[in-house]
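To start, the structure under review is shown below, and the notes come after it.
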Amino acid sequence: MTMPPPPPPMGDYSMGMPMGAQAATPDYASWGQRVLAALIDYIPVAILQQVLGRIGGIGALFSLIGLALSFYFSFLTGSKGASPGKRVMGIQVVNMQTGQFIGGGGGILRSLAHILDLITCGIGFLFPLWDKQKQTLADKVMKTVVVSGPKEDFVSAFKSAIPSK
């Protein structure tokens, strides 16, 4: 009795395509798109912190709110592929092997991995300017890429960040 041949190896599913498949190179997000997305996410919070921080203990409250928003936007980036700023800019974060979102916990870990970008005197954040896959150091560690995704207007992007029942 002869045994059937083993199944073919799974291979590297880069951007969700089996190895050897004719897939177009992903449309990686530019460094400028990534920077603008971060500014859209965090400038409003920073302004509120500065303005309201001058009023007694409200500044500390807004610092906590800013931290909570940072974690929430990281969670959204992992679970839905994008924070509101990324949605406005039409970019999303995906696993480079599967093309899938990395999950809420993965999004938070990716944000924490950005510490590597900071401890290199910020040079890690500049890697997308010359890296072939436009990855930061955190992206390399987390095996993620930032690619083009659906664009939303500012209001819709922030409405989609509000949890629904």
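Computed from heavy atoms alone, side chains included, the values below leave out hydrogens, waters and symmetry copies. Position 1 is the first residue of the sequence; numbering continues from there. As the structure is a computational prediction, the values presented were derived from the model and not from experiment.
The heavy-atom pair separating Lys134 from Ser30 by the smallest distance is CD-CA, 4.3 Å. Closest non-hydrogen pair, Gly124 versus Pro128, comes out as O-CD, 4.0 Å. Heavy atoms only, all atoms of each residue included: Asp117 and Thr120 are closest at O-OG1, 2.8 Å. Across Gly107 and Ile102, no two heavy atoms sit closer than the pair N-CD1, 3.7 Å. Closest non-hydrogen pair, Ala113 versus Met142, comes out as CB-CG, 4.2 Å. Annotation for Ala138 and His114: closest pair CB-ND1, 3.4 Å, computed over non-hydrogen atoms.
The OG atom of Ser160 sits 6.5 Å away from atom NZ of Lys80, with the distance rounded to the nearest 0.5 Å. Atom NZ of Lys86 sits about 12.0 Å away from atom CG of Leu36, to the nearest 0.5 Å. Considering OG1 of Thr136 and CG of Leu129, their distance stands at 11.5 Å, rounded to 0.5 Å. The CG atom of Asn95 sits 8.5 Å away from the CD atom of Gln100 when rounded to the nearest 0.5 Å. Atom-to-atom distance recorded for Thr77:OG1 and Tyr72:OH is 10.5 Å, nearest 0.5 angstrom. Considering CG of Asp27 and CD1 of Ile91, their distance stands at 11.0 Å, rounded to 0.5 Å.
The pair Arg87-Asp153 fails the salt-bridge criterion, with no side-chain N (NZ, NE, NH1 or NH2) lying under 4.0 Å from an Asp/Glu carboxylate O. Electrostatic pairing of Asp131 and Lys140 counts as a salt bridge here, judged by a charged N lying under 4.0 Å from a carboxylate O.
Counting heavy atoms from C-beta on, the side chains of Phe71 and Ile108 come closer than 4.5 Å. Using a 4.5 Å cut-off on side-chain heavy atoms (C-beta onward), Leu76 and Pro84 make contact. Residues Arg34 and Val146 are in side-chain contact: their nearest non-hydrogen atoms beyond the backbone lie under 4.5 Å apart. Side-chain contact between Gln133 and Met96 is present, with heavy atoms from C-beta onward closer than 4.5 Å. A 4.5 Å side-chain heavy-atom check between Arg110 and Asp139 finds at least one atom pair inside the cut-off. A heavy-atom distance below 4.5 Å is not found between the side chains of Leu137 and Val141. Looking at heavy atoms from C-beta onward, Gln135 lies out of side-chain contact with Thr144 at the 4.5 angstrom threshold.
Less than 6.0 angstrom separates the ring centroid of Phe154 from the ring centroid of Phe158.
The main-chain N or O of Phe125 is found under 3.5 Å from a side-chain atom of Trp31 such that the two form a donor-acceptor pair. In this structure, Glu152 contributes its side chain and Ala157 its backbone to a donor-acceptor pair below 3.5 Å. Side-chain N or O atoms of Ser74 include one that pairs as donor or acceptor with a backbone N or O of Ser70 at under 3.5 Å.
The same ILVMFWY cluster, assembled from side-chain heavy atoms under 4.5 Å apart, contains both Ile43 and Ile40. Taken together through direct or relayed side-chain contacts under 4.5 Å among Ile, Leu, Val, Met, Phe, Trp and Tyr, Leu118 and Leu39 form parts of separate hydrophobic clusters.
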